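Reviewing the structure listed below.
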Amino acid sequence: MSYQSVNPFNGQILKTYDFHDQAKIDESLDHAEKLLKSDWSKKDLEKRLALLKKVASQLRANKEKLAQLMSTEMGKLIKQSLGEVELCANIADYYAQNAEKFLSPQKYPTEIGEAWVEHHPLGVIMAVEPWNFPFYQLMRVFAPNCAIGNPVLAKHASIVPQCAEAFEKIIHDSGAPAGVWTNLFISTDQVAEIIKDPRVQGVALTGSEGAGSSVAEQAGKYVKKSTLELGGNDVFIVLDDADLQRAIKVGCQARINNAGQVCTAAKRFILHEKIAEQFKQGMIEAFKNLKTGDPLDESTSLGPLSSASAAENLYKQVVKAVDAGATLVLGGKPIDGAGNFFEATILENIEESNPAWYEEFFGPVSQLYVAKDDDEIVKIANQSHYGLGGAIHSKDIERAKKLASRVETGMIWINSLTQTAPELPFGGVKRSGYGHELSELGFNEFVQKKLVVIPA
Ligand code: NAP
């Protein structure tokens, strides 16, 4: 696959990029290694944090331009693109403010004597990232590793090369020395070779289960630390005592944001039988009122999918689900025209034997499940290969908290959709991956922790 920027709203090819060659990869690894051995990584915490602050201000100064690029290259609604740039700046600021505390030595009380753990850079990191949040995904890796002193080589998704280039430019223009962040237009085979390289110590991947499995296999073979942020099939649970109108509004938003292409989007709606029909009718009405159009037009509420193949694959999944017995309540197919638009879709009557039960639908497709009580809700929720995020809606917070503890997932939000913030850990369980990004937990993933002991 080549690196090609195509506007998903109209199919126009915007720019094509050649793959980087081995000479560029070698040069990037050399720069990264040199940086790791220099004062920048070993001593200059203040300079690294100043860079983060500069990157945050550069992002804010270029917000409109970057947001427009994102919306044009992968179809995100302009308001969401603007929000993403601001979130990236906030992540950079968060680590600029907190990294010194995270990196300070930690004492370990022991009868042996004096003991502490020092925090050092782990080494050069390979990052492999997806297109659905073209700047935020990169920032989740860049900000902590910049603060730690780990040089990063980054392979972005092949459909967002302009965003990859723009992100690298922001860092470069903020005064980063060579090697802090290097964008590479490379193939998956080249990624595997980089992971194997003795100069590389870790790999962070966000993407699909298949990509995660392949990268983790390579990392395991060469004993490199890895983190995997993979797909999800998140539940959106609505109990019989929920504020129903609010749950419908939030639930629809949680399914439709970014045209449904969010790892933590609400994908499986598990509805208490007493409110299931009302919820369904509310969702049908809300979905019928969505307006497709140019992502740059602020009145558009449902943008195109990121690529023509994404729309084709989603359609195949819906057809397969219906063939296996699911009922199509609404939508179900791509919308004719130049863009990669897909109808807002609702499926119900999905049995466990239906492949759809276990699959992630990466687009505006809701699955509705009905349960008679909290035990059945938990059973349906946990009958999943994934465990990324989730949401529970109820006016009885104690009941919601008990359910939250029983659902097998890395994150769960009560009376909200799943959100993200720099200070909150982000990560999943089961086939949603392992490790964290953001917060202190994410920061620690690629920190070398060294125990020093002086016996009494
Ligand atoms: P993808 O196809 O797995 O691509 C993600 C990245 O991995 C891209 O850069 C891709 O490169 C690369 N890649 C693919 N196969 C690879 C391999 N064998 N070795 C090395 N790199 C490989 O995923 P996507 O379709 O872009 O993104 C959607 C998926 O990401 C969904 O499952 C979504 O839930 C998940 N996601 C998870 C999170 C999270 O935090 N948990 C966040 C966002 C998205 P190419 O583009 O060149 O193929």
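When a ligand or atom number is given, it counts from 1 through the structure's own listing order. Sequence positions, counted from 1, serve as the residue numbers for this chain. Here the structure is a predicted model, which is why all the values come from computation and not from measurement.
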Output yes when the distance from some N or O of ligand 1 to some N or O of [X] is under 3.5 Å, and no in every other case.
X: Thr206; value: no
X: Gln137; value: no
X: Ser208; value: yes
X: Lys267; value: no

Considering only heavy atoms of [X], which atoms of ligand 1 have at least one such atom less than 4.0 Å away?
X: Glu360; result: 31 (C), 32 (O), 33 (C), 34 (O)
X: Ser214; result: 17 (C), 18 (N), 19 (N)
X: Val128; result: 6 (C), 7 (O), 9 (O), 12 (C), 21 (N)
X: Asn132; result: 43 (C), 44 (C)
X: Val215; result: 19 (N), 20 (C)
X: Leu388; result: 41 (N)
X: Phe362; result: 28 (C), 31 (C), 33 (C), 34 (O)

Notebook entry, point to check: More than 12 foreign heavy atoms under 6.0 Å from CD of Gln419: is that the case here?
Noted result: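 Count over threshold, so yes.
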
Notebook entry, point to check: Do Phe279 and His272 make the cut of ring centroids closer than 6.0 angstrom?
Noted result: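 Between His272 and Phe279, which both carry aromatic rings, the centre distance is not below 6.0 Å.
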
Item checked: Arg255 charged N/C atom sitting above Phe269 aromatic ring, 6.0 Å / 45° ->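 Negative - Arg255 is either too far from the ring of Phe269 or too far off its axis.
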
Next item on the list: Give a yes or no answer on whether the side chain of Glu86 reaches the backbone of Gly83 with a donor-acceptor pair at less than 3.5 Å.
Entry: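 Between the backbone of Gly83 and the side chain of Glu86 there is no qualifying donor-acceptor contact (under 3.5 Å).
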
Next item on the list: For the pair Asn382 (side chain) and Glu408 (backbone), establish whether a donor and an acceptor sit closer than 3.5 Å, ignoring hydrogens and angles.
Entry: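 At least one qualifying donor-acceptor pair exists.
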
Which label fits [X] and [Y]: parallel for a plane angle under 30°, tilted from 30 to 60°, or perpendicular past 60°?
X: Phe185; Y: Tyr3; answer: tilted
X: Trp181; Y: Phe167; answer: perpendicular
X: Tyr94; Y: Phe102; answer: tilted

Check: For atom 25 (O) of ligand 1, which of Trp131, Tyr3, Phe133, Phe426 has the closest heavy atom?
Finding: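 Ranked by closest heavy atom to atom 25 (O) of ligand 1, first place is Trp131.
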
Item checked: Ala211, Cys263, Ala192, Ser213: member with heavy atom nearest to atom 42 (C) of ligand 1 ->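 Nearest option to atom 42 (C) of ligand 1, by heavy atoms: Cys263.
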
Next item on the list: Run the contact test for Glu209 against ligand 1 with a 4.0 Å cut-off on heavy atoms, strictly below, and give the result.
Entry: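 No, Glu209 has no heavy atoms under 4.0 Å from ligand 1.
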
Check: Any heavy atom of Gln218 sitting closer than 4.0 Å to ligand 1?
Finding: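 It does not, in that no heavy atom of Gln218 comes within the 4.0 Å cut-off of ligand 1.
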
Checklist line | Glu193 CD to Leu29 CG distance, which is reported to the nearest 0.5 Å | finding: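 Glu193 atom CD to Leu29 atom CG measures 11.0 Å (nearest 0.5 Å).
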
Notebook entry, point to check: If we ignore angles and hydrogens, is there a donor and acceptor under 3.5 Å between the side chains of Glu73 and Ser5?
Noted result: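 Present: a donor and an acceptor within the cut-off.
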
Which one holds for [X] and ligand 1: side chain close, backbone close, both close, or neither close, with close meaning a heavy atom under 4.0 Å?
X: Leu230; answer: backbone
X: Thr264; answer: neither
X: His156; answer: backbone

Margin query: Check Asp173 with Lys54, please: is the shortest side-chain N to carboxylate O separation under 4.0 Å?
Written below: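 Salt bridge between Lys54 and Asp173, a charged N being under 4.0 Å from a carboxylate O: no.
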
